[in-house]
J.: 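Once you've had a glance at the structure underneath, I'll fire off some questions.
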Protein chains: 2
Amino acid sequence: MSRSGKLASQGEQRENGRQQILDVIRASEHIARIDIAKATGVSPATVTALTSELLNAGLICEVAPEGNTEGRRGRPRVGLAIRGDAHRIAGIKVARRLISIVITDFAGHEIVHHELALDTGRMPAQVLAQEIHRALKETCKLGGFPIADLSGVGLGLAGMIDAPRNFVYWSSSLEERNIHFAAVLEEILPCPVFLDNDANLVAKAEHLFGAGRNCDNFIVITIEHGVGMGVVIDGKIYRGTKGCGTEFGHTKVQLEGALCQCGQRGCLEAYVGDYALLREANISSGGERYQTLASLFSAAQKGDAMAQSVLDRARRMFALGLANVVNIFDPGKIILAGARLSFDHLYSDRVIDEMQQWIVDVDAPMPEILVHDWGDLMWAKGAAAYAIEEVSALTVKRLAGAAG
Amino acid sequence: MSRSGKLASQGEQRENGRQQILDVIRASEHIARIDIAKATGVSPATVTALTSELLNAGLICEVAPEGNTEGRRGRPRVGLAIRGDAHRIAGIKVARRLISIVITDFAGHEIVHHELALDTGRMPAQVLAQEIHRALKETCKLGGFPIADLSGVGLGLAGMIDAPRNFVYWSSSLEERNIHFAAVLEEILPCPVFLDNDANLVAKAEHLFGAGRNCDNFIVITIEHGVGMGVVIDGKIYRGTKGCGTEFGHTKVQLEGALCQCGQRGCLEAYVGDYALLREANISSGGERYQTLASLFSAAQKGDAMAQSVLDRARRMFALGLANVVNIFDPGKIILAGARLSFDHLYSDRVIDEMQQWIVDVDAPMPEILVHDWGDLMWAKGAAAYAIEEVSALTVKRLAGAAG
DNA sequence: ATATTTTTTTTGCATTTCAAATTAAATCGT
DNA sequence: ACGATTTAATTTGAAATGCAAAAAAAATAT
């Protein structure tokens, strides 16, 4: 039922207002109170009241008015911005044999980053927690502040994760299944830990700081070892009922198709993932000719028909998967995120053309499709973005409790 | 951004409260004020205030307290229910050569229904509007009241429809493309018209009156001539950015696959739709052996290997499509809606088993999958459900404007 | 009859938002 | 230079709204 909002009790309402204004400020670097009022529909009087609370709490600060201050009549507008010093936030991504960490301020600006090799890919929760703790301490040392300064840690793991519950169904980095890993970490870290699937984290980062900044309905496709998807609907990550969300990489694109690393058959990932490409190419060539994607690409460019056909199939399968996503979600925007190198073969005009041909046709423009190349720290930054949002919410909530 | 609600201005807030309470009452036939308070978290004082407004407006009425009134101490609870007399609502479904109409009261109880043949399947908007007007007048006559008594009309069309804008991109019943068909109808009808895709309407009906009554996250799959899907997320129909939503039937399940009536290849519908089954069976048997689905089914039951294989493939494709929906949406419940007969072959333990095998695995229960057989009037009832909800919202909004 | 229990309504208060008025801080015009 | 004008931010006062607590209502239990 319920077409629009619920009735909110006074406290909640105020909390919502504060959070909403904080969000608007974060979405635009600098913004004057009058523009906050216009953007939110809240009256200027209320904006003044709410922003002064946020100022008091130290979450935002006044800055010089934006750009063309000259030539404007009237009282000059005062810019408001997130106060970076308010909090230090860590974002952590645990990959197969690597921990990447970014520490940012509350405005999302990077303070320091660090990477650390892991001996093994999969380990017990206690051990991984210790490794993370160690890596985090090292990173803080690099930044020149104690670990106790951190207000929150965001952590991205590959696997099936119920983020609202901070619960890991399964992760390729952990030996245990069904474990509250955030709780394990919180025992040795001095601040709250927020856990999520890595594709969702990238979506969060795009929404807070990236190509989705002024868009509340979009989809992020991540291509790394596997294929992931993060779905933002009405400004929120869509996670489904179990909280573990949207398994684009394991949607089936072929009945009884290729074997996937998840053990099932016909998964999209089993056609477009890097391991899948190499496997297919080596089977077709009857040997171990290709050790890296790069060698496969160059063979194709040199005209090797077999290499071309392997990449070709991957491209078409990817276009098909994307078309299905468009047919099902009708998103406003699709962001392909990842290290450009690893999916150059999957992003070309031919993919777009093929995809278009499979999209149910209406007389309306196709969703915008764009590539956002973040580099190696993409995942860690996403984790930081998530933690920033959660710490924001916590702080605002605490504000609501304390101040009147 | 914005994790939870927005700040609502006073009027909106009250409107939300009224709407929320009306929704709770509708969801439970009878309910006492104290239980509304418990269900919504609103204080009893406010529930009294809001319900008295709704009573004054004539939208709800007091009824005898529910069941076991004996043996309970204390002041007896007074049941509240939707006042059926408040409005008369029509739900209309235009199928290929048939208009079905249901007229219900405001509580969703059927008053009268009627069906009318159409000479042609596709026609100009003006002509279809006249036909609908005529059919509606006849139906009202059957019910013994003038057409002017109607407060709202819900209309379901097959095709691509942007419901919030009441806009038809394309419909198999209309010659025109890109037309505001609701506006055409409203010129000759005495009440507002609400237009939607038929699968969404069924989802709305399930949510208001059916198997989704106490569930805010579920998916409805409809199987008729084609295959449709309605997605309910957080209690609202998900429609995507163009408003034309979720084209499950045209997701691609096979690269370069079977030809679909939409002109594209590999659509799910082209494997499981009734026309697709007959086509495939007749091609395989090299003739025109099967005129109806029933004959194909009976051939399969008698052991005809070819017929079995056609049905078998449909079943597996359907399981694959369902699995993808589960992998992508992770819904709490899946409702297969339609005339049972037409998809008995698609609903069996084997489908569930195959589907399960393709669902990404977590240690959590599968979504509940259930069949809801509505009979022929399913679509029209769905249209009525939609109109009831919209008329509710309009009335509550008007209340907010008028009363204080 | 009186006490007890439970639901509903009333009362009074605290909060909150907004419109309108006011103040603040700049440029424009002469 | 100095008032007029313009625009932004703040203050003020009024209206609304939701809730806790108290009161009233309506039943059963003793």
Side-chain angles (χ1 to χ4, degrees), chain A residues 5-21 30-56 60 62-80 399-404, chain B residues 5-21 30-56 60 62-80 399-404:
Chain A
K6 287 203 328 183
L7 190 149
S9 64
Q10 292 144 329
E12 291 170 29
Q13 165 108 336
R14 208 69 202 284
E15 185 189 319
N16 286 344
R18 272 190 283 249
Q19 185 69 55
Q20 196 188 357
I21 285 181
H30 303 293
I31 187 168
R33 288 174 179 79
I34 184 76
D35 290 326
I36 296 177
K38 275 176 200 152
T40 60
V42 172
S43 75
T46 305
V47 171
T48 291
L50 291 177
T51 52
S52 86
E53 287 176 17
L54 294 174
L55 277 166
N56 274 332
I60 61 175
E62 299 194 330
V63 297
E66 58 260 55
N68 57 337
T69 173
E70 298 296 313
R72 292 180 61 91
R73 270 161 79 121
R75 177 175 176 171
R77 35 186 67 188
V78 180
L80 295 173
L399 244 183
Chain B
K6 288 203 328 185
L7 190 149
S9 64
Q10 294 144 327
E12 291 170 30
Q13 165 109 339
R14 208 66 203 286
E15 187 188 319
N16 286 344
R18 272 190 282 251
Q19 186 69 56
Q20 197 189 354
I21 284 180
H30 302 293
I31 187 169
R33 289 173 178 81
I34 184 77
D35 290 326
I36 296 177
K38 276 177 200 154
T40 59
V42 173
S43 75
T46 306
V47 171
T48 291
L50 291 176
T51 52
S52 86
E53 288 175 19
L54 294 174
L55 276 166
N56 273 333
I60 60 175
E62 298 194 332
V63 296
E66 58 260 53
N68 55 338
T69 172
E70 298 296 314
R72 292 179 60 91
R73 267 159 81 121
R75 179 172 176 170
R77 35 187 66 187
V78 179
L80 295 173
L399 245 183

J.: Could you tell me the separation between the CG atom of B/Leu50 and the P atom of C/dT8, rounded to a whole number of Å?
T.: 15 Å
J.: Counting side-chain heavy atoms from CB outward, which of C/dT8, C/dT17, C/dT10 is closest to B/Ala45?
T.: C/dT10
J.: Look at A/Ser43 and C/dA19 and indicate whether a side-chain polar atom (N or O) is within less than 4.0 Å of OP1 or OP2.
T.: no
J.: Without decimals, in angstroms, what is the distance between B/Arg77 CZ and C/dT9 C1'?
T.: 16 Å
J.: Return the value, rounded to whole Å, for the distance between atom NZ of A/Lys38 and atom C1' of D/dA9.
T.: 13 Å
J.: When all nucleic acid strands are considered with a 4.0 Å heavy-atom cut-off, which category describes A/Val47: base, sugar-phosphate, or nothing?
T.: nothing
J.: So, for B/Val47 and B/Arg33, which heavy atoms are closest and what is the spacing to 0.1 Å?
T.: CG1-O, 3.7 Å
J.: When you check the phosphate oxygens OP1 and OP2 of D/dG18, does a side-chain N or O of B/Arg14 lie under 4.0 Å from one of them?
T.: yes
J.: Return the value, rounded to whole Å, for the distance between atom CZ of A/Arg18 and atom P of C/dT15.
T.: 13 Å
J.: Over how many whole Å does the gap from A/Leu80 atom CG to D/dA8 atom P extend?
T.: 14 Å
J.: With a 4.0 Å cutoff (strictly under), does any side-chain N or O of B/Arg33 reach OP1 or OP2 of C/dT9?
T.: yes
J.: Calculate, to the nearest 0.5 Å, the distance between atoms CZ and CG belonging to B/Arg14 and B/Leu399 respectively.
T.: 10.5 Å
J.: When the distance from CG of A/Leu399 to P of C/dT16 is rounded to whole Å, what number comes out?
T.: 12 Å
J.: Check every atom of D/dA8, D/dG18, C/dT8 against the side chain of A/Leu7 and return the nucleotide holding the closest atom.
T.: D/dG18
J.: Does A/Arg72 place a side-chain N or O at less than 4.0 Å from the phosphate oxygens OP1/OP2 of D/dA8?
T.: yes
J.: Could you tell me how far apart A/Ile31 (CD1) and D/dA8 (C1') are, to the nearest whole angstrom?
T.: 14 Å
J.: Is any side-chain nitrogen or oxygen of A/Thr48 closer than 4.0 Å to OP1 or OP2 of D/dA9?
T.: no
J.: Return the value, rounded to whole Å, for the distance between atom CD of A/Glu15 and atom C1' of C/dT16.
T.: 15 Å
J.: For B/Ile21 and A/Leu7: C-alpha separation, side-chain torsions, deciding distance, then whether side chain to side chain contact (heavy atoms under 4.5 Å, CB included) applies.
T.: CA-CA 9 Å; B/Ile21 284 180; A/Leu7 190 149; over 6 Å; no
J.: For the CG atom of A/Leu80 and the CD atom of A/Glu62, what is their distance to the nearest 0.5 Å?
T.: 6.0 Å
J.: Quick one: which of C/dA26, C/dT23, D/dA21 gets closest to the side chain of A/Arg75?
T.: C/dT23
J.: I want to confirm an ordering. Mapping B/Gly41 and B/Gly74 to their closest nucleotides on DNA chain D, which one lands closer to the 5' end?
T.: B/Gly41
J.: Looking at every non-hydrogen atom in both residues, tell me the closest pair between A/Gln13 and A/Ala8 and how far apart they are.
T.: N-CB, 4.1 Å
J.: In terms of the nearest nucleotide of DNA chain C, which residue is placed more toward the 5' end: B/Thr51 or A/Arg73?
T.: B/Thr51
